Amino acid sequence: MEMGNLVAKVIVDVPAKDTDRTFDYLIPESMRPWIEPGSRVAVPFGKRTVQAFVISVVPAEEPPKYRMRAIQELLDLVPPLSPDLVELGKWISERYACNQIMALQVMIPTALKGKAERYISIAQQHEFTDHLPAADVLNYGSEADTHRAMQPDMRGEPEWALLTDDGMSDPAERQIVSFIQEKEQVPLQQLSRRFPEEAEIIKSLLRRGVLQESQVIKDKLGKKTMKAVDLAIGIEEASAALEQFSAKAQRQREVLAFLLERSEFLPLPLKEVMTSLSVSAATVKALEDKGYAVLEDVEVFRDPYRGRNFKPTKPLPLTEEQQYVYERIIRQLDTREQGAYLLHGVTGSGKTEIYLQTIQRCIEQNRQAIVLVPEIALTPQMVERFKGRFGDQVAVMHSRLSGGERYDEWRKIREGRVKVAIGARSAVFAPFRELGLIIMDEEHETSYKQEETPKYHARDVAVRRAHQHGAVVILGSATPSLESYYAARSQSNDEFAPLLLEMPTRALGNSLPEVHIMDMREELRAGNRSMFSRALHNGIAERLERKEQTVLLLNRRGHSTFVMCRSCGYVAGCPHCDISLTYHQRSNNLRCHYCGYSEPVPQVCPECGSEHIRYFGTGTQRVEEELAKLFPGIRVVRMDVDTTTEKNAHEKLLKQFRDKKADVLLGTQMVAKGLDFPDVTLVGVITADSALNLPDFRAAEKTFQLLTQVAGRAGRHQLPGEVFVQTYTPEHYSVIHASRHDYGSFVREELKHRRNLHYPPYCRLILVTFSHEQLPVLVRLAENYSATLQGRARQRGWFGNMDRLTSDVLDILGPVASPISRIKNRYRFQCMIKWRGNIDAIGLAQQVADEMAESAQAQKLLISLDVDPQMLM
DNA sequence: AGCACGCCGACT
DNA sequence: GTCGGCGTGCTC
């Protein structure tokens with residue numbers, strides 16, 4: 001027996017609970033120098049070949065406890081993950097209750113998410129005798145045992161060796177074999193397309209060992225695709241087939257009928273078919289095997305990012321305030337020890353210049369920096385500032401990059417060709433080796449929390465990563481989240497608590513704009529039924545006269561367009577989800593953005609037959625119409641989901657406004673962030689309080705943040721600015737404090753509420769969502785979970801009452817129906833866990849969920865945890 | 001997630 | 001009987 005074998009512990013790319021652990025594989029001699037933690041490899045797993053990540057490399061146990069297979073292939077010469085990212089993945093999986101593979105996968109570009117491709121070739125005799133077993137399995141036991149265990153069909157003399165070409169009786173067999181012989185190796189898909197009727201024969205040839213299958217992991221590069229289903233035969237043919245369909249395959253029949261019904265929309269997304277009919281992918285595949293349907297990859301989306309020239313900029317002289325902050329941060333940077341700062345600076349206080357100069361220092365230390373910005377603020381303006389200062393040392397990770405472009409940017413980082421990465425949430429995983437600085441701009445933004453698994457918060461990941469590297473974190477905001485602010489102020493014994501740095505004045509010395517609150521109830525009483533208060537109306541008129549610019553914000557949550565009948569009030573809803581359908585202009589149809597269901601726009605109301613069907617969207621269109629009526633000739637740039645879906649639309653519209661080709665910029669939330677136009681002297685918020693009535697404990701905070709941000713858009717340069725905020729609740733503290741630019745008072749008042757109602761930052765939350773096809777079963781199981789968890793918590797001595805002043809508390813509320821009570825024909829209930837103290841609440845919540853999923857009665861129950869949820873709706 | 005195995009209901 | 005759909009279990 002050979003000594004000193006090495007074994008790789010890997011996490012395989014199979015996102016299931018059973019496989020969420022390491023599996024051991026032998027490292028072939030030739031790969032030894034290359035395999036390290038973070039390597040991406042292809043391994044045989046059961047009957048398949050799957051992608052896997054190496055977690056660690058250890059000496060083989062002697063004697064071995066079980067049969068072990070070998071790594072098949074090394075997929076990258078440079079590991080896509082570093083050891084610290086592997087460790088970070090483990091942390092994320094525990095912190096956010098997800099599979100390890102999900103946590104690892106989210107760190108690398110999707111271009112590297114390899115899938116096995118299956119090839120068929122002629123079996124070579126010598127491969128049976130030496131190649132296969134030797135490469136695949138290290139023989140701990142007897143050779144015969146291994147053969148039997150590994151290749152049950154290939155043991156002994158291969159049958160085909162007894163056959164000559166002439167010995168093959170079936171002409172189809174000969175045809176297939178010679179087809180493959182010509183090309184040496186044929187993708188399985190291609191083969192079955194060439195011989196659609198001969199699936200059985202191919203299977204038989206494989207079984208008899210004449211043909212052999214190999215699987216190779218192929219990266220998907222470039223294009224983003226999705227699986228779609230199409231009819232493989234003509235419509236008449238399909239209709240005929242439907243008539244005489246085997247009664248046994250009821251599900252497949254349904255799928256075929258569905259495809260016919262929607263033949264004008266073919267190919268249909270596989271997901272849509274699956275959810276619409278509640279069938280599995282296997283059913284569709286069976287239909288494909290029978291030759292009625294085909295599954296194909298359809299390109300979804302592509303958007304090239306073009307290189308541009310950037311004006312070089314030099315460091316600006318710092319104000320005294322900035323200088324203090326700058327020095328404080330670089331002192332920490334120079335210690336090369338982990339540190340965190342909450343930089344609270346009013347809009348226009350010059351936070352970006354602090355970022356730029358601290359990055360400069362970081363680069364001089366030969367370390368790298370990550371800059372995180374909210375996706376919506378990742379505008380050309382922002383990129384330009386960093387590219388201007390650091391040139392081609394900057395990589396940009398933009399959501400609109402195509403897969404290939406994103407991959408290129410990512411490679412620049414991994415290969416050390418750039419020093420700075422700027423991007424949204426996922427840029428926190430930029431694979432730098434020596435991180436010195438992580439900056440998170442607008443740290444209060446909810447988009448830093450990923451809503452899909454893994455549901456991580458980039459802020460917490462950033463702090464954790466900085467800790468690994470001895471790096472500094474800067475959290476910057478004019479309106480810090482209450483969580484961050486509270487942590488900084490209380491300077492609790494939390495070692496990661498940030499230090500508060502304040503910049504209360506604007507860098508250019510101009511004052512913050514004056515904010516006027518307009519009580520819209522009073523307007524109504526005075527007979528003004530327009531959507532503009534008299535003061536805002538006058539303000540716009542003045543700006544037009546003075547050739548200055550105006551920004552108008554329509555604060556409406558939920559930026560989707562739905563269809564409603566004006567006669568009876570019918571709203572087009574998804575038949576599988578408890579939600580209204582969204583109108584899509586491009587395809588002129590209605591879609592459900594939860595399950596992908598789509599249908600054509602109805603011409604008449606399906607309920608009452610009326611023709612008064614109307615689209616209701618963000619309402620910006622109505623504001624635009626009203627403006628045109630009130631100010632003939634006014635030039636308006638409208639920015640909302642309807643006008644920004646096209647490529648680079650964002651950029652074009654903003655350029656139009658900056659070049660003063662428009663008087664008014666009208667839009668939703670997206671106009672509030674980070675924009676900086678010198679001639680904007682008026683900002684109007686048309687409905688300030690539409691978010692206040694939402695059932696979300698952060699409603700006041702969000703309103704305050706939005707109003708403060710948008711007010712900061714006015715008068716940033718020489719010209720003084722003015723802000724009009726229209727509201728129906730002028731007495732609300734979030735409106736009042738925002739109008740006075742008084743963050744401190746707002747926070748004091750808001751913290752009081754949070755403390756009384758037991759909400760963060762005075763506790764932490766875990767949202768547990770249950771889903772099941774049957775409502776009564778769901779309710780019973782959810783109640784069972786709630787009771788079990790509360791019981792376990794008590795056993796551990798964690799109090800169940802938040803009012804108790806003890807530190808270790810876990811309280812579980814609910815279950816109640818989720819705000820969206822049904823998605824994809826599954827009912828949804830949820831529980832809210834509130835907890836605080838030095839307890840493993842996440843671990844326990846996860847453990848109870850796992851136990852329930854295992855119990856037989858809970859078979860089809862799905863439980864999902866959202867740790868520190870942002871969206872409670 | 002796949003992919004095999006095995007049970008059980010509709011058909012020649 | 002047997003074909004094939006659909007539940008159950010396993011993957012170093």
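Just so it is clear, the model here is predicted, and its values are computed rather than measured. Below, read A as the first sequence line, B as the second, and so on, with proteins coming before strands; counting in each chain starts at 1. Both backbone and side-chain heavy atoms feed into the values below; hydrogens, waters and symmetry mates do not.
Ring centroids of A/Phe429 and A/Tyr456 are separated by less than 6.0 Å, placing the two rings close together.
Checked against B/dA1, B/dA4, C/dC12, the side chain of A/Arg69 finds its nearest nucleotide in C/dC12. Of the candidates C/dT11, C/dC12, B/dC3, C/dT11 carries the atom nearest the A/Thr19 side chain, counting heavy atoms from C-beta on. Closest to the side chain of A/Ala249, out of C/dG5, B/dA1, C/dC12, is C/dG5. When each of B/dC3, C/dG5, B/dA1 is scored by its nearest atom to the side-chain atoms of A/Arg118, the top-ranked nucleotide is B/dC3. Closest approach to the A/Thr283 side chain among B/dA4, B/dG2, C/dC6 is made by C/dC6 (side chain taken as heavy atoms from C-beta onward). Listed nucleotides: B/dA1, C/dC12, B/dA4. Nearest to the side chain of A/Lys47: B/dA4. The side chain of A/Arg21 approaches C/dC12 more closely than any other nucleotide in the set C/dC6, B/dA1, C/dC12. For A/Asp18, the listed nucleotide lying nearest its side chain is C/dC10; candidates were B/dG2, C/dC10, C/dG5.
No donor-acceptor pair under 3.5 Å is formed between the side chain of A/Tyr827 and the backbone N or O of A/Pro776. Remark: side-chain polar atoms of A/Gln72 are paired, donor with acceptor, to backbone N or O of A/Gln215 under 3.5 angstrom.
Atom CZ of A/Phe45 is separated from atom P of B/dC3 by 13 Å (rounded to the nearest Å). Across the protein-nucleic acid pair, A/Lys285 atom NZ and B/dA4 atom P stand 11 Å apart, rounded to whole Å.
DNA chain C lies under 4.0 Å from no heavy atom of any residue of residues 87-103 of chain A.
Under the side-chain contact (heavy atoms from CB on, under 4.5 Å) rule, A/Val777 has a single partner from A/Leu781, A/Val779, A/Leu775, which is A/Leu781.
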